[in-house]
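Here's the structure, in structure tokens; my notes come after.
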Amino acid sequence: MGSVFAEQLKTLRKINGLTQKELAEKLKIKQNSYSDWENGKSEPNIEMLVRIADYFDVSLDYLMGGKMKNITEEFSLCLKKIRMKRKLSQKQIAEELKISQQQYSKWEGGIITPNAETLVRLADYFDVSVDYLLGRKRERN
């Protein structure tokens, strides 16, 4: 994510005539945390990315400079790999998570990605981190 995200964030903030402090207050975070994002020193979690995208009414793909396509692909491949490794069916997982099999199939097929809350539920279900599901880190043992 890094510098592309930082530039997109800074541009959106300036276009909307906001200071770092004002935007941090609107997002209910500390200004220094926000500043670190704009300066590329750290990155927000997926839930905060969604809040930022919603606030500015832009897509996550736009916010992240087109990198969501890669994340969607990584997520779908990871989901299928975990399911196969654990010898589970899509139906079993869907029933356990109380979602439709069609929905789960769309995630695995890379058609859609779940929201932040569901990502956390999936990570908990598989006992992996959200970062792992999104292809950002290795599976914890």
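Hydrogens, waters and symmetry mates are skipped; everything else that's a heavy atom, side chains included, is used. In this chain, residues are counted from 1 in sequence order.
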Passes side chain to side chain contact (heavy atoms under 4.5 Å, CB included), N16 versus Y55? Steps please.
-> CA-CA 11 Å; N16 286 273; Y55 178 80; 5.7 Å; no
For residues [X] and [Y], determine if any side-chain heavy atom of one lies less than 4.5 Å from a side-chain heavy atom of the other.
X	Y	value
L133	I82	yes
I29	W37	yes
R13	Q20	yes
F56	I15	no

Show me the donor-acceptor pairs within less than 3.5 Å that the side chains of residues 46-54 make with the rest of the protein, sequence neighbours left out.
from	atom 1	to	atom 2	distance (Å)
R51	NH2	L27	O	2.2

Can you name the salt bridge (Lys or Arg N to Asp or Glu O under 4.0 Å) partners of R83, sequence neighbours left out?
-> E108
Could you list the residues that satisfy salt bridge (Lys or Arg N to Asp or Glu O under 4.0 Å) with E96, not counting sequence neighbours?
-> none
Would you say L77 and I93 are hydrophobically clustered, going by side-chain heavy atoms of ILVMFWY under 4.5 Å?
-> no
Candidate pair Y34 and L9, rule side chain to side chain contact (heavy atoms under 4.5 Å, CB included), full reasoning = CA-CA 10 Å; Y34 178 85; L9 187 60; 3.4 Å; yes
List the steps and the verdict of side chain to side chain contact (heavy atoms under 4.5 Å, CB included) for L63 and L12.
-> CA-CA 9 Å; L63 187 62; L12 285 167; 3.8 Å; yes
Neighbour count >12 (heavy atoms, 6.0 Å) for atom CD, Q92 | yes
Go through the steps to decide whether L119 and L134 satisfy the test side chain to side chain contact (heavy atoms under 4.5 Å, CB included), and finish with yes or no.
-> CA-CA 9 Å; L119 269 174; L134 297 176; 4.2 Å; yes
